[in-house]
Amino acid sequence: MLKKTLLVGSPTVATILHPIENRYRLPNTAVRAPDAAFVAKGRLPESWDEEDKFINLAPDFVIEIRSKNDRLAKLKAKMKEYIANGVKLEDLIDIKNQQALVYRQDGSITQYPATAILSGEDIVPGFMLRCL
């Protein structure tokens with residue numbers, strides 16, 4: 001059971017990479033376990049411990065990777081739910097269709113080709129992710 005909290009770019013940003021055991025309870029009470037999630041250090045509850053099963057907040061940045069059995073429509077609905085609950089930036093990596101979809105808090109969605117390198121934009125400065 002690997003659990004990590006890493007500092008990325010600056011001491012004000014905490015990157016939480018976790019296995020499926022750690023989940024986020026969103027404001028709408030839905031419980032989600034994204035493939036990767038990032039939370040600004042100052043937003044983590046003081047009482048939070050890496051052994052906790054749930055973090056009661058929406059992450060700042062989420063990465064979801066479409067597995068071969070995932071329905072794209074279901075993942076797109078999940079991405080919209082994340083945004084509606086306060087997630088600021090999301091990357092949906094769609095290996096099957098060789099694309100990435102980036103969702104932003106302002107409602108915009110940008111489609112990128114498989115060759116793109118995505119960034120954490122202003123949410124996780126300095127973070128880069130090669131799509132495929």
Side chains of S108 and D106: donor-acceptor distance under 3.5 Å anywhere?
->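 Yes.
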For the residue pair [X] and [Y], what are the closest heavy atoms and their distance?
X: M128; Y: S119; answer: SD-CB, 3.9 Å
X: Y112; Y: V102; answer: CE1-CG2, 3.6 Å
X: L118; Y: A100; answer: CD1-CB, 3.9 Å
X: G86; Y: A58; answer: C-CB, 4.2 Å
X: A33; Y: R23; answer: CB-CG, 3.7 Å
X: P113; Y: C131; answer: O-SG, 3.9 Å

Please test V39 against L57 for side-chain contact (heavy atoms from CB on, under 4.5 Å), starting from the C-alpha separation and ending with a verdict.
-> CA-CA 9 Å; V39 178; L57 54 71; 4.1 Å; yes
From CA spacing to verdict: side-chain contact (heavy atoms from CB on, under 4.5 Å), Y82, E64 | CA-CA 11 Å; Y82 281 133; E64 290 282 2; 2.9 Å; yes
For R43, look at atom CZ and say whether over 12 heavy atoms of other residues, nucleotides or ligands are found less than 6.0 Å away.
->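 Yes, enclosed.
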Is the side chain of [X] donor-acceptor paired with the backbone N or O of [Y] at a distance under 3.5 Å, no angle test?
X: N97; Y: Q99; result: no
X: D70; Y: S67; result: yes
X: D35; Y: I65; result: yes
X: N85; Y: E81; result: yes

Would you mind checking if R104 and E90 are paired as a salt bridge, meaning a charged N to carboxylate O distance below 4.0 Å?
->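 Here E90 does not pair with R104 in a salt bridge, since their nearest N and O are not under 4.0 Å apart.
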For a 4.5 angstrom cut-off between non-hydrogen side-chain atoms, does [X] reach [Y]?
X: M79; Y: I83; value: no
X: L26; Y: R32; value: yes
X: R66; Y: I93; value: no
X: Y24; Y: V31; value: no
X: I117; Y: L129; value: no

For a side chain to side chain contact (heavy atoms under 4.5 Å, CB included) with Y103, tell me which candidate from L89, I109, D91, V87 qualifies.
->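 It is I109, the one option of L89, I109, D91, V87 that forms the side chain to side chain contact (heavy atoms under 4.5 Å, CB included) with Y103.
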Evaluation steps, side-chain contact (heavy atoms from CB on, under 4.5 Å), between L92 and L72 = CA-CA 10 Å; L92 172 56; L72 187 56; 4.0 Å; yes
Between T115 and Q98, is a side-chain contact (heavy atoms from CB on, under 4.5 Å) present by the stated rule, with each step listed?
-> CA-CA 9 Å; T115 56; Q98 298 288 297; over 6 Å; no
